[in-house]
Amino acid sequence: MKKMLLVVCALCVQMVSMAQPRTNDDGTVTFQYKNDSAKTVLVDVQFAGRKEMTRGADGMWTVTLGPVAPDMYPYCYVVDGVGVMDPENPQYFPNEGFKNSLLEITSKSGALPHDILDVPHGRVEYVNYYSKSLGATNHAIVYLPPTYMTNPQKKYPVFYLISGTTDTEEVYYKVGRVNYILDNLLADKKAQEMIVVLPYGNPMKLKLQDAPTTVPGATTKERSDEIARQMRFGGDVFSQDLINDLMPYIEKNYRTKADRDHRAIGGFSRGGNQGLYNGLANLDKFSYLCSYSSFTSTDIPGVYDNADELNKKLHLFWLGVGTDDFLYGNARDYMEFLDKKGIRSVKEFTTDKFGHTWMNAKYFLAKTLPLLFNKKASEAAMQASQPAPAATGKEQQFTPGVMARLFPKPIISPEYGEQGTTFRFKAPEAKKVELEVEILPETIVMQRDSDGVWSTTLTEYLFETYKYCFIVDGTRVADPSNMYLSPDLGFKYSVASNPKTPFNFASQGDIQHGRVSYDLDRMEAWYTAPMQQMMMPAFVQLVPGEGDTMESWFKLGGADAIADRLLADGKTKPCIITTSALEFMQNGPQMPGFKIRTLKADDYPTWSQRRRALVRLLIAIGKEPAPEMPAFGGGFGGGFGGGRPGGFGGDD
């Protein structure tokens with residue numbers, strides 16, 4: 001079966017690559033987009049801006065741009081004025097708002113810090129934890145170095161790394177490539193082994209799902225006022241959750257060195273602001289601070305007025321920004337403020353990475369990772385630091401006008417109310433907008449208001465999770481206001497899931513959660529249940545359907561949330577759930593009472609039916625007598641999820 005799956009995956013990749021952007025020998029890139037109904041199509045790509053495309057006789061729109069340097073560039077197609085992700089590209093930019101695909105131009109020499117090289121790879125785990133600060137379940141991603149699972153006695157320092165405004169916790173993984181950058185540095189012995197934690201930088205969005213937006217009669221101003229109140233650093237939900245919930249969770253569940261000399265914090269854009277603020281406000285917890293394309297408050301009580309004390313406490317205070325970044329003026333002013341206070345800091349500037357971009361974020365990350373948890377290297381960098389450049393009066397500044405341009409009035413979609421789920425999409429020039437829903441046989445025609453916002457309310461299926469999209473004058477479009485995307489091979493649908501939906505993490509309360517990890521080498525996903533006791537886990541194999549990816553059963557099917565809930569309720573037993581073909585288990589020595597249960601997505605027409613089938617299967621497992629634990633060392637409590645048994649890690 002695995003050979004068959006590999007062949008299918010290879011064919012899918014081959015078909016997709018034919019329609020993806022094509023890199024030419026001269027360094028140019030040819031963009032291709034098939035759409036028979038479009039009247040105008042432009043490509044909007046980071047290295048070139050918006051460029052018109054030409055339609056051929058076959059309906060294929062094309063344009064060749066560049067040459068361009070190898071790197072990763074966000075892009076989308078603008079179809080009759082509406083931004084559309086590339087439906088043939090499996091790589092996309094996770095974000096709360098805009099929906100972009102990712103163009104990756106690899107270097108021939110393996111010279112880019114984030115290149116995927118033939119080196120030992122660490123493991124990436126998706127974790128859920130109950131946050132008392134939120135009163136809800138929050139999410140994070142954890143990178144474990146290659147030796148974490150093979151050296152069970154070793155403890156590691158921790159770097160808390162935060163993405164920017166509108167980014168999700170996935171961005172420093174899928175766009176920032178922190179795992180591959182660190183893998184490469186570790187292989188070259190240029191960095192210290194460490195755990196990297198990627199928090200979700202905007203947990204207020206999760207909190208507001210049950211707050212003012214769903215209160216009948218709440219206005220946009222009330223919601224904006226609540227967001228502004230929460231964004232006051234120190235009293236904001238993110239800072240409270242980070243210090244009081246996430247850090248204790250990490251230190252309880254992973255082998256960490258839990259002291260200030262072994263903790264670092266930093267981030268990009270707003271994440272850099274959050275990192276600096278929380279680092280400076282908690283110098284008893286952090287001694288390495290990094291800011292990428294950001295700055296923070298000059299008014300943090302008890303911090304800036306004692307330079308000697310601060311300089312002693314900080315092993316590294318690292319600040320980087322592009323001179324063409326719209327935050328350059330503010331970042332430079334902050335550097336100058338520190339200089340005048342006598343506070344040491346490392347300063348790094350770029351001029352060739354298109355301003356406020358993730359190219360800069362990756363570059364800065366590669367510069368700072370070798371300094372973290374290395375007192376000698378970080379002290380040398382601090383001593384070599386130069387003063388902030390003198391002001392010219394022409395520096396860009398982050399003003400309220402810039403803020404309004406970058407972050408316009410949000411469209412709330414979907415909005416979950418007691419009477420129904422309302423979907424909204426802004427398209428003033430569109431002639432017709434329809435809502436397509438996975439569980440409905442026909443599309444729903446939406447209505448346009450005077451502001452050009454199209455809307456409709458679905459009064460059925462209030463507590464289901466389903467895929468949907470908008471059809472704008474014949475073109476499918478993912479909901480730009482919804483951060484949840486279905487990880488399909490082709491077109492990426494949006495996902496609607498009422499927070500009160502059964503098995504939604506938001507409604508689960510204070511329970512224990514398992515972990516999900518994705519093995520990109522084998523294209524497998526693994527869920528490991530929280531192991532409260534030593535026992536033989538049940539094995540469930542979930543086979544993705546046509547057009548699905550290894551993520552689909554978890555991000556859309558909710559397999560981890562279902563298992564967590566049923567386990568907490570005592571309705572099932574600890575289990576390993578995977579999309580792997582499990583050849584190593586099926587072909588190995590059979591153990592008493594051991595069997596693999598298989599569930600195929602294509603046996604059920606909708607994800608709603610697939611989820612129900614998984615619930616039935618897990619409940620049936622809960623009624624079976626527990627098999628005996630096999631008589632070999634190590635057990636199962638942590639040996640799965642991102643690596644197979646035997647290697648116990650991502651590099652076996």
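The model shown is predicted, which means the values in this text are computed figures rather than measured ones. Keep in mind that the numbers below use all heavy atoms, side chains included, and drop hydrogens, waters and symmetry copies.
Within a 6.0 Å sphere centred on NZ of K34, other residues, nucleotides and ligands contribute more than 12 heavy atoms. At most 12 heavy atoms of other shown residues, nucleotides or ligands fall within 6.0 angstrom of atom CD in E52. Around the NZ atom of K353, the shell of radius 6.0 Å holds more than 12 heavy atoms that belong to other residues, nucleotides or ligands. Atom CG of D26 sits in a crowded spot, with more than 12 heavy atoms from other residues, nucleotides or ligands closer than 6.0 Å.
Between the side chain of D71 and the main chain of I105, no donor-acceptor pair closer than 3.5 Å is present. Checked by atom type and distance alone, the side chain of R448 pairs as donor or acceptor with a backbone atom of P428 at under 3.5 Å. Listed for the D548 side chain is a donor-acceptor partner under 3.5 Å among the backbone atoms of G545. Listed for the T549 side chain is a donor-acceptor partner under 3.5 Å among the backbone atoms of P487. Side-chain atoms of T28 do not come within 3.5 Å of backbone N or O of T64 as any donor-acceptor pair. Remark: side-chain polar atoms of S481 are paired, donor with acceptor, to backbone N or O of I411 under 3.5 angstrom. Remark: side-chain polar atoms of R424 are not paired, donor with acceptor, to backbone N or O of S413 under 3.5 angstrom.
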side-chain contact (heavy atoms from CB on, under 4.5 Å) assessment of F554 paired with Y518 | CA-CA 11 Å; F554 296 94; Y518 299 103; 3.7 Å; yes
Could you please spell out the steps behind the salt bridge (charged side-chain N to carboxylate O under 4.0 Å, His left out) verdict for E464 and R612?
-> CA-CA 11 Å; E464 290 282 0; R612 285 176 169 80; 2.9 Å; yes
Derivation of the salt bridge (charged side-chain N to carboxylate O under 4.0 Å, His left out) call for K600 and D603 = CA-CA 6 Å; K600 299 179 181 179; D603 287 344; 5.6 Å; no
I would like to know whether F505 and H139 meet side-chain contact (heavy atoms from CB on, under 4.5 Å); could you show each step before the answer?
-> CA-CA 9 Å; F505 281 118; H139 321 288; 4.2 Å; yes
Go through I162 and F238 one step at a time and tell me if the side-chain contact (heavy atoms from CB on, under 4.5 Å) criterion holds.
-> CA-CA 11 Å; I162 314 160; F238 173 81; 3.6 Å; yes
Chi angles and distances behind the side chain to side chain donor-acceptor pair (under 3.5 Å) call for S37, D473 = CA-CA 8 Å; S37 62; D473 294 332; over 6 Å; no
Intermediate values then yes/no, side chain to side chain donor-acceptor pair (under 3.5 Å), T475 and D80 = CA-CA 9 Å; T475 299; D80 298 333; 5.6 Å; no
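Side-chain contact annotation: S107 with D115, donor-acceptor N/O pair under 3.5 Å present. Side chains of T457 and T422: a donor-acceptor N/O pair is present below 3.5 angstrom, by distance only. Side-chain contact, T598 with Q541: a donor N or O sits under 3.5 Å from an acceptor N or O. For the residue pair T350 / D352, no side-chain donor-acceptor distance below 3.5 Å is found, with atom types taken as modelled. There is no side-chain donor-acceptor pair under 3.5 Å between E125 and S517. D86 and Y75 are linked by a side-chain donor-acceptor pair at a separation below 3.5 angstrom, with hydrogens and angles left out of the test. A donor atom on one side chain and an acceptor atom on the other are found under 3.5 Å apart for D167 and N95. Judged purely by distance below 3.5 Å, without hydrogens or angles, the side chains of T137 and N128 never pair a donor atom with an acceptor atom. Side-chain contact of N24 with R22: a donor-acceptor pair under 3.5 Å is present, judged by distance alone. For the residue pair T166/E96, the side-chain donor-acceptor check at 3.5 Å is not satisfied.
Summarising the geometry, atom NZ belonging to K492 is positioned 7.5 Å from atom OH belonging to Y92; distances are rounded to the nearest 0.5 Å. Note that CD of E170 is 6.5 Å distant from CD of E551, once rounded to the nearest 0.5 Å. To the nearest 0.5 Å, the span separating CG on L365 from CG on N360 amounts to 12.0 Å. Taken to the nearest 0.5 Å, the CG atom of L614 stands 5.5 Å off from the CD1 atom of I577. Here the OG atom belonging to S163 is positioned 12.5 Å from the NZ atom belonging to K174, to the nearest 0.5 angstrom. We find the OG1-OH distance between T368 and Y363 to be 11.0 Å, quoted to the nearest 0.5 Å.
Counting heavy atoms from C-beta on, the side chains of T465 and S608 never come closer than 4.5 Å. Side-chain atoms of T54 and V63, non-hydrogen and from C-beta on, never get closer than 4.5 Å to each other. Residues I141 and P199 form no side-chain contact, since every pair of their non-hydrogen atoms from C-beta on lies 4.5 Å or further apart. Annotation: side chain of L65 is in contact with side chain of V45 (closest heavy-atom distance under 4.5 Å). Contact of the W526 side chain with the V516 side chain is not registered, since no non-hydrogen atoms from C-beta on lie closer than 4.5 Å. P70 is listed as a side-chain neighbour of L112, based on a closest heavy-atom distance under 4.5 Å. Residues Y493 and D488 are in side-chain contact: their nearest non-hydrogen atoms beyond the backbone lie under 4.5 Å apart. By the 4.5 Å heavy-atom criterion applied to side chains, L440 and E442 are not counted as neighbours.
The aromatic rings of Y466 and F423 sit tilted relative to each other, their planes meeting at an angle between 30° and 60°. Between Y126 and Y173, the ring-plane angle classifies as perpendicular under the 30° and 60° cut-offs.
Smallest separation of non-hydrogen atoms from N482 and P414: ND2-CD, 3.6 Å.
Paired with W607 under the rule ring pair (Phe, Tyr, Trp, His ring centres under 6.0 Å), one option of W553, F503, Y461, Y468 passes, and it is W553. Exactly one residue among F364, Y200, Y143, W358 makes a ring pair (Phe, Tyr, Trp, His ring centres under 6.0 Å) with Y172. That residue is W358.
Aromatic rings of Y328 and H356 (six-membered ring for Trp) have centroids beyond the 6.0 Å cut-off, not under it.
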